[in-house]
Number of protein chains: 2
Amino acid sequence: MTTRWLSPEEQRAWRAYIASVALVEDALDRQLQQEAGMPHLYYSILATLSETPERKLRMTDLAEELKITRSRLTYAVTRLEKDGLVGREDCRWDKRGSIATLTEDGMRVLERTAPGHVETVRALLFDRLTPEQVGQLEEIFTAVSEGFQGEDARPTAEDVPWRRRSGKSCS
Amino acid sequence: MTTRWLSPEEQRAWRAYIASVALVEDALDRQLQQEAGMPHLYYSILATLSETPERKLRMTDLAEELKITRSRLTYAVTRLEKDGLVGREDCRWDKRGSIATLTEDGMRVLERTAPGHVETVRALLFDRLTPEQVGQLEEIFTAVSEGFQGEDARPTAEDVPWRRRSGKSCS
DNA sequence: TAGGTTTGTTTCAAACTTGAACCAAGCCCC
DNA sequence: GGGGCTTGGTTCAAGTTTGAAACAAACCTA
């Protein structure tokens, strides 16, 4: 089939998107590196753990939630563990499993740096959009994310809150 | 001042955005790694050069266009040079300058892989959006990019097409 | 229940990115 | 016309990411 090139409008949208993503991620990384001594992804790991009832999540679930590879997560958690911000527990029910937990120190770092982070997100993104655009943003990227179902994501939510994927739980 | 936390809607938008960006970039990187043997950024370097009348651009301008650091670009161009896809020329007017040029081989790789790339971009993004949403996407990220003016971007377009920043040209 | 497959996680080497430092080369101005 | 500042680019070390391979435990199934 002959290529369906992007229309001029699509091209403009694509370019604006690509440029913005780069700029926003860089700004976010720099801000968090400054304030929290870690890049955005690492902060997100802490944040994700903190939102869980017990502040723990299995590696695979955490990786899936953050849309990153397990190997990338392993590396990141190892670093955060060295910094004392997260810990690892063995999963009692599935001896293969490893559970990342947010430590008290990790929680403190998060609480200390969250306001600055949110402020940055606002400055970079939300402050520049109208309320309608915020809604549009949500719809657009919800649609985009949904395009990936099956490759990842799976059903979700399970009996044990920090264990969201397959039917089994642990710890 | 007390932190302006994100509203539930803003949070949903932010999360959907973050997740989508990760998924889209990963998919794009994988696709291009497969078809072109290089990650998305490297492909973008070739693409950007190809859109220039003479298929050459000064390093700084290229970096600015792509919103990346000069050092990152230096590394990338060095790799692409090894692969024979881009070359470096000295700038005759400003002896400090270095000009990246797209080679014939580079152009061929681009032409061969562009259709697959565009198809992927469609599959990941545009095929999932309504025409109105494409327009919204453009407006949203144009607004976001504009938030960075002054930190980068500068005036643009100059007398010599592949030299877009300061008043001088070369080669 | 042994053997084979799948799943959860880590490991390893190679590739890439970051930021600070460095080296020229242009510029400015007294 | 010789400092001193700025700009264009590269280099270097440290940190991060990638993808494939390695392992181990769990899960079939004959």
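In the text below, chain A, chain B and the rest are named by the order of the sequence lines, each starting its count at 1.
Protein atom CZ of A:R92 is 18 Å distant from nucleotide atom P of D:dA25, rounded to whole Å. We find that CE of B:M59 is positioned 18 Å from P of C:dA25, with the value rounded to whole Å. Here C:dT6 presents its C1' atom at 11 Å from CZ of A:R70, a figure rounded to the nearest Å. Separating the CG atom of B:L28 from the C1' atom of D:dT18 is a distance of 16 Å, rounded to the nearest angstrom. Nucleotide C:dT9 holds its C1' atom 14 Å from the CD atom of A:E64, rounded to whole Å. Atom pair A:D90:CG and C:dG8:P shows a separation of 16 Å (rounding to whole Å applied). In this structure, CG of B:L57 is placed 15 Å from C1' of D:dG9, rounded to the nearest angstrom. The nearest whole Å value for the distance from the NZ atom in A:K95 to the C1' atom in D:dC27 is 15 Å.
Distance from the side chain of B:R58 is smallest for D:dG9 among the nucleotides C:dA25, D:dG9, C:dT9.
A:E146 pairs by the salt bridge (charged side-chain N to carboxylate O under 4.0 Å, His left out) definition with nothing, not counting sequence neighbours. For the side-chain hydrogen bond (donor to acceptor under 3.5 Å, both in side chains) test, residues two or more places apart in sequence or in another chain that qualify with B:R122 are A:E10. Scored by the side chain to side chain contact (heavy atoms under 4.5 Å, CB included) test, B:A13 finds A:F126, A:V134, A:L137, A:E138 as partners (sequence neighbours excluded). Remark: B:R72 pairs with no residue by the salt bridge (charged side-chain N to carboxylate O under 4.0 Å, His left out) rule, at least two apart or across chains. Under the salt bridge (charged side-chain N to carboxylate O under 4.0 Å, His left out) criterion, B:E9 pairs with no residue at all, not counting sequence neighbours.
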TODO: At under 4.0 Å between heavy atoms, which parts of nucleotides 17-24 of chain C does protein reach? Answer with one letter per nucleotide, 5' to 3': B base, S sugar-phosphate only, - none.
DONE: BBB-----
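The residue among A:T74 and B:M38 whose nearest nucleotide of DNA chain C is located toward the 5' end is A:T74.
Between B:K67 and A:D26 there is no side-chain heavy-atom pair separated by less than 4.5 Å. Contact of the B:T48 side chain with the B:T52 side chain is not registered, since no non-hydrogen atoms from C-beta on lie closer than 4.5 Å.
Over its length, the helix from C:dT1-D:dA30 to C:dC30-D:dG1 turns its helix axis by 10°, as judged from the five terminal pairs at each end, rounded to 10°.
Within the structure, the salt bridge (charged side-chain N to carboxylate O under 4.0 Å, His left out) test picks out the following pairs touching residues 76-88 of chain A (sequence neighbours left out): A:R79-A:D83, A:E81-A:R88. Applying the side chain to side chain donor-acceptor pair (under 3.5 Å) test to pairs two or more places apart or on separate chains, those with a residue in residues 107-116 of chain A are A:D105-A:R108.
Put simply, A:T60 has no side-chain N or O that comes within less than 4.0 Å of OP1 or OP2 on C:dT7. Between D:dT16 and A:R79, a contact under 4.0 Å exists linking OP1 or OP2 to a side-chain N or O.
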